S.K.: 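A single structure is presented below for examination.
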There are 2 protein chains.
Amino acid sequence: MPHTLETGLAALKQVMNTKVVFTEAEWADIASRWHYHFLPKGEHQIMPGQMEEYIYFIISGATRIYHISAKGEDITLAFSYDNTFTGDYGSFLTRRKATFYNQAVSDCHLLRCKYIDINELHDKYQKMERWTRLGLEELLVGMLVRQVEMLSAPAEERFARLLRQSPHCFQLYTQKHIASYLGIQPETLSRLKRRLKKTQDTRLRNN
Amino acid sequence: MPHTLETGLAALKQVMNTKVVFTEAEWADIASRWHYHFLPKGEHQIMPGQMEEYIYFIISGATRIYHISAKGEDITLAFSYDNTFTGDYGSFLTRRKATFYNQAVSDCHLLRCKYIDINELHDKYQKMERWTRLGLEELLVGMLVRQVEMLSAPAEERFARLLRQSPHCFQLYTQKHIASYLGIQPETLSRLKRRLKKTQDTRLRNN
DNA sequence: AAAATAACTTGACCTACATCAATGCGCCAC
DNA sequence: GTGGCGCATTGATGTAGGTCAAGTTATTTT
């Protein structure tokens, strides 16, 4: 029986142990606080105005965190998929109302853990506090890289880099959403794709 | 005697206590690991390729964290000033070589703490681990807000918001640096300023 | 205080990307 | 299958902001 609590916890354990190694007793306590949850394709895990009560771990599936701007534009902020965490961290961490949408773009098999459980774990185990700290550090470094790229690289380069570093995203998400993640319009992404293919074709022909 | 170790530690204590309240004994241990450092205007606290050995607390002064892109563009990522922390967090946290410059734009009176001391404090006190976690959470939320703004708001709005929320930055930093922080050219910022003043003037005249 | 240097302003022109619009294509519903 | 709908492509045109250049004003440096 794939994608249920057991297999999910095994995946979660492996992911968590890459940062901090928990004892079996600690792990048992942690594991007991995560619960299976299913989110069908198209449904929202959270919407602006709600409180983010859980942090989510994706066993399998894909979600998209986005924001609707003042002008009504749909802006994709992050992609989440197998073996990654998701949710509106801002809301979850600060206990303020969510500002983002998080939508399943395919059926999602999830584990989730309540805020109070995460908090209790933080109180109970220094290691848990450290695990979260290390996770936040990683997130922060990633966001800095993205920030630099958005400010310094033109659309074409940002696209090329995403294609190189996260090709699977082009399978999981529509071009519309990838475009908004890259900060451009779908039409522009379409044209970039064609241009890139053309230059690759001519390169092939010349070699 | 202003801006020396004592006054600096008093400021640091106050800032740290807003997140986690330390006992006097804990604080004494923490305080003993921070040391005064002076960075004259124009000098760099760190440059790409170096290892960030310290985390810095600014008693007084201002620095600018920036990056030189592949095309040679100077991109300002963050401003730091009195009572804030600074440094290349990415390098400091991950122990990899710095990718950013951090330059004093005015004489800086600093406190700094070595990586190993921070680490020892993390090992020794769960509270310290929590303090760092909460600090990272705050940083992360701020970066998310900025990311959304960069993707959704046009230059004029980003400028107006910075002017509203951080007017002191316009005293501390040159327009060139503020422009690069906003993701525009200095010429564009100059034009935006004029346009904004014009609309404000007409509004005044009509009231 | 003069000279040198850097910052800011303004104008003319240019380009990357947006917008609008038309057409074609896949995909799900029934 | 076939009707419908959202997604992708392509073309024509618009525009925010970039680039280049010249002049002005601050700010250092000597």
Side-chain angles (χ1 to χ4, degrees), chain A residues 40-43 62 64 66 68-76 79 103-107 149-163 169-201, chain B residues 40-44 62 64 66 69-76 79 103-107 149-163 169-201:
Chain A
K41 173 175 177 173
E43 303 248 314
R64 175 178 82 92
Y66 67 98
I68 304 294
S69 78
K71 276 147 245 89
E73 291 171 310
D74 176 323
I75 294 154
T76 300
F79 298 125
Q103 185 184 34
V105 300
S106 62
D107 282 353
E149 196 174 71
M150 292 301 295
L151 283 166
S152 66
E156 184 160 6
E157 269 175 55
R158 302 201 297 271
F159 164 58
R161 160 129 13 137
L162 185 65
L163 193 57
C169 282
F170 289 83
Q171 312 311 114
L172 296 173
Y173 301 97
T174 64
Q175 298 206 8
K176 202 173 65 161
H177 297 150
I178 288 172
S180 87
Y181 178 77
L182 292 171
I184 57 179
Q185 297 307 113
E187 293 94 328
T188 304
L189 181 53
S190 178
R191 285 181 246 269
L192 288 180
K193 265 175 52 181
R194 186 157 56 137
R195 268 185 19 212
L196 194 74
K197 208 195 290 182
K198 236 179 220 165
T199 61
Q200 282 180 341
D201 287 355
Chain B
K41 174 174 177 174
E43 304 249 311
H44 283 87
R64 175 178 82 93
Y66 67 99
S69 78
K71 277 148 247 87
E73 291 171 310
D74 176 323
I75 293 155
T76 300
F79 298 124
Q103 185 183 33
V105 300
S106 61
D107 282 353
E149 196 174 71
M150 291 302 294
L151 283 166
S152 67
E156 183 160 6
E157 269 176 54
R158 302 200 297 271
F159 164 58
R161 162 130 11 139
L162 184 65
L163 192 57
C169 282
F170 290 83
Q171 312 311 114
L172 296 173
Y173 301 96
T174 64
Q175 298 206 8
K176 201 173 66 161
H177 298 149
I178 288 173
S180 86
Y181 178 77
L182 292 171
I184 57 179
Q185 297 306 114
E187 293 95 327
T188 303
L189 181 54
S190 178
R191 286 183 245 268
L192 288 180
K193 264 174 53 182
R194 188 159 54 139
R195 270 189 11 217
L196 195 75
K197 207 195 290 182
K198 237 178 218 166
T199 61
Q200 284 180 340
D201 285 357

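Every chain is numbered from 1, with letters handed out A, B, ... down the list of sequences. Note that the structure is predicted; figures quoted are calculated from it, not measured.
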S.K.: Rounded to whole angstroms, how far apart are NZ on A:Lys71 and C1' on C:dT19?
M.R.: 15 Å
S.K.: Any side-chain to backbone donor/acceptor pair from A:Gln103 onto A:Gly42? Under 3.5 Å, distance only.
M.R.: yes
S.K.: Atom CZ of B:Arg194 to atom C1' of D:dT25: distance rounded to whole Å?
M.R.: 16 Å
S.K.: Distance-only, no hydrogens or angles: does the A:Asp107 side chain make a donor-acceptor pair with backbone N or O of A:Lys41 under 3.5 Å?
M.R.: yes
S.K.: Taking CD from B:Gln175 and C1' from D:dT24, how many angstroms apart are they, rounded to a whole number?
M.R.: 14 Å
S.K.: Restricting both atoms to N or O, compile the protein contacts to nucleotides 12-19 of chain D shorter than 3.5 Å, with distance only.
M.R.:
{"residue": "D:dG17", "atom": "OP1", "partner": "B:Ala155", "partner atom": "N", "Å": "3.0"}
{"residue": "D:dG18", "atom": "OP2", "partner": "B:Gln185", "partner atom": "N", "Å": "3.2"}
{"residue": "D:dG18", "atom": "OP2", "partner": "B:Thr188", "partner atom": "OG1", "Å": "2.6"}
{"residue": "D:dT19", "atom": "O4", "partner": "B:Arg191", "partner atom": "NH2", "Å": "2.9"}

S.K.: Which residues pass the side chain to side chain donor-acceptor pair (under 3.5 Å) test with B:Tyr66, sequence neighbours left out?
M.R.: B:His44
S.K.: Taking only distance into account, with no hydrogens and no angle test, what donor-acceptor pairs under 3.5 Å do side-chain atoms of residues 176-184 of chain A form with protein atoms, sequence neighbours excluded?
M.R.:
{"residue": "A:His177", "atom": "ND1", "partner": "A:Thr174", "partner atom": "OG1", "Å": "3.1"}
{"residue": "A:Ser180", "atom": "OG", "partner": "A:Thr76", "partner atom": "N", "Å": "2.8"}
{"residue": "A:Ser180", "atom": "OG", "partner": "A:Thr76", "partner atom": "OG1", "Å": "2.7"}
{"residue": "A:Ser180", "atom": "OG", "partner": "A:His177", "partner atom": "O", "Å": "3.2"}

S.K.: Once side chain to side chain donor-acceptor pair (under 3.5 Å) is applied, what residue pairs with a partner in residues 153-162 of chain B remain, sequence neighbours excluded?
M.R.: B:Glu149-B:Arg161, B:Glu156-B:Arg195
S.K.: Which atoms of nucleotides 28-30 of chain D (N or O only) lie under 3.5 Å from a protein N or O atom, and what are those distances?
M.R.:
{"residue": "D:dT28", "atom": "OP1", "partner": "B:Lys41", "partner atom": "NZ", "Å": "3.0"}

S.K.: Measure the distance from CD on B:Gln171 to P on C:dC8 and round it to the nearest whole Å.
M.R.: 12 Å
S.K.: Please report the distance, rounded to the nearest Å, between CZ in A:Arg64 and C1' in D:dC7.
M.R.: 14 Å
S.K.: Report yes if at least one side-chain N or O of B:Lys193 is closer than 4.0 Å to OP1 or OP2 of C:dT9; otherwise report no.
M.R.: yes
S.K.: When the axes are fitted on five pairs at both termini, how much does the helix from C:dA1-D:dT30 to C:dC30-D:dG1 curve, in 10° steps?
M.R.: 60°
S.K.: Please give, in whole Å, the distance from D:dT27 P to B:Lys176 NZ?
M.R.: 15 Å
